[in-house]
Amino acid sequence: LELERLGVHDSVEAVFPPAELAAFLADLPAPVDVIGDGEIATCDAAVTLEHREAFLELDWVHSIQAGVDRFPFDAFEANDVILTNSTGIHDRSVGETVAGYLLSFSRRLHDHVANQQERRWSRPEWDEAFTLPGKTACVVGTGTLGRGVAEVVGSLGVEMTGLRRSSESVPGFEAIYANDDLHAAIAEADFVIVTVPLTDDTRHLFDADAFDTMREDAYFVNVARGPVVDEPALIDALESDAIAGAALDVFEAEPLPENSPLWELDEVIVSPHCAAYTRDYFRDVGEIVRKNVSRLDSDAEFHNRVV
Ligand code: NDP
């Protein structure tokens, strides 16, 4: 593989200005340019948010997200195109976002912000606010996101348990469950936090049964991908008070449709798929790209290779 031109596809604009990444990578041995759809064919590699059919003519495509469920793996394989992702960089950002959700629920900050919009001086009921130490959280997926959540939320005194494909222990978690023990893992948790990739195995992992299993006073957090959750089942669970509330960064349809009941439900925090946003995002992605460019000549395995 020889890199002659690396394109920064303009779809990354949704997360950071493409020119910032191009400038960050300006010292690479090949030119790095911001490209639109019309210029994909002029490159041999691209950094992108979205998928385009024209990428199947390139040698290498790098996703600025960790989740690569929108890329057609079979077509990449069939066309000999390498696909790499950006796992490994979202630990602190997503961990802090999840800590923020938990602190909003415990300290009622989302209510204060909502009341402020209405110029309403309204204190919580005496038994609404609580503190986090001694509460338990089950993190479903103990990769980069899950470990970041364990680090930040664990530092607030929450007891962390995790669930992964193997039941091998993971630093930051007091107990680890294997994926066939989902119901045992989530049954007693005060917070259930989802951080798994979307795959055939995890699609609708959280269905009506899972929400039935959760405690009625438990909160659900999804920072993974919308289709990991059966959204109508979640809405039912929230409307029937089968669970206490939810913080959701990802949805089955994005943007979340204006008529979704999730916008208006009590004890639901909606964020627009931005749990991992940070002004340093382009640098973190740039370091992964740089590492892989340096591996091009050495025949070394690509870092974060997915296909
Ligand atoms: P990692 O690959 O580092 O971690 C994935 C974890 O999920 C691993 O612990 C893995 O288990 C576990 N897992 C995979 N399949 C299953 C399964 N069937 N049952 C139980 N556990 C499973 O990925 P990241 O942490 O970097 O990212 C995870 C996902 O989060 C991404 O794919 C993306 O969709 C989403 N994401 C969302 C963001 C946002 O902005 N909201 C930002 C970044 C990522 P094991 O350890 O045993 O391999």
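Counting starts at 1 for both ligands and their atoms, in listed order.
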Ligand 1 contact on [X] by region, counting heavy-atom pairs under 4.0 Å:
X      : result
His273 : side chain
Leu145 : both
Val196 : both
Val68  : neither
Arg225 : side chain

- What's the shortest distance from atom 38 (C) of ligand 1 to any protein heavy atom, and which residue and atom give it?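 Looking at atom 38 (C) of ligand 1, the protein heavy atom closest to it is Val223 O, 3.6 Å.
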- Nearest-contact summary for atom 26 (O) of ligand 1 - protein heavy atom, Å: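 Heavy-atom neighbour on the protein nearest atom 26 (O) of ligand 1: Thr87 OG1, 2.5 Å.
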- Message: Check the orientation of Phe105 and His110. Use parallel for under 30°, tilted for 30 to 60°, and perpendicular for over 60°.
- Response: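 Ring orientation, 0 to 90° scale: perpendicular.
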- Can Arg290 be said to sit on top of Phe24's aromatic six-ring, NZ or CZ under 6.0 Å from centre and within 45° of the ring axis?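 Yes, a cation-pi geometry holds between Arg290 and Phe24.
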Any atoms of ligand 1 less than 4.0 Å from a non-hydrogen atom of [X]? List them with their elements.
X      : answer
Gly67  : 31 (C), 32 (O), 33 (C), 34 (O)
Leu163 : 20 (C)
Asp201 : 18 (N)

Ignoring hydrogens, just give me the one of [options] whose non-hydrogen atom is nearest [atom].
atom                    : options                      : answer
atom 5 (C) of ligand 1  : Gly162, Pro197, Gly141       : Pro197
atom 42 (C) of ligand 1 : Ala276, Gly148, Ala224       : Ala276
atom 15 (N) of ligand 1 : Arg164, Arg165, His90, Gln65 : Arg165

- Query: What residue among Arg305, His62, His303, Lys291 forms side chain to side chain donor-acceptor pair (under 3.5 Å) with Thr84?
  - Reply: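 Of Arg305, His62, His303, Lys291, side chain to side chain donor-acceptor pair (under 3.5 Å) with Thr84 is met by His62 alone.
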- Message: Whether the Asp249 and Ser271 side chains hold a donor-acceptor pair (N or O, under 3.5 Å, no angle test) is what I'd like checked.
- Response: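 Yes, Ser271 and Asp249 have a side-chain donor paired with an acceptor closer than 3.5 Å.
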- Task: Using the side-chain contact (heavy atoms from CB on, under 4.5 Å) rule, take Phe220 and Leu248 through it: C-alpha gap first, then chi angles, then the decisive distance, then the call.
- Result: CA-CA 8 Å; Phe220 179 73; Leu248 306 168; 4.2 Å; yes
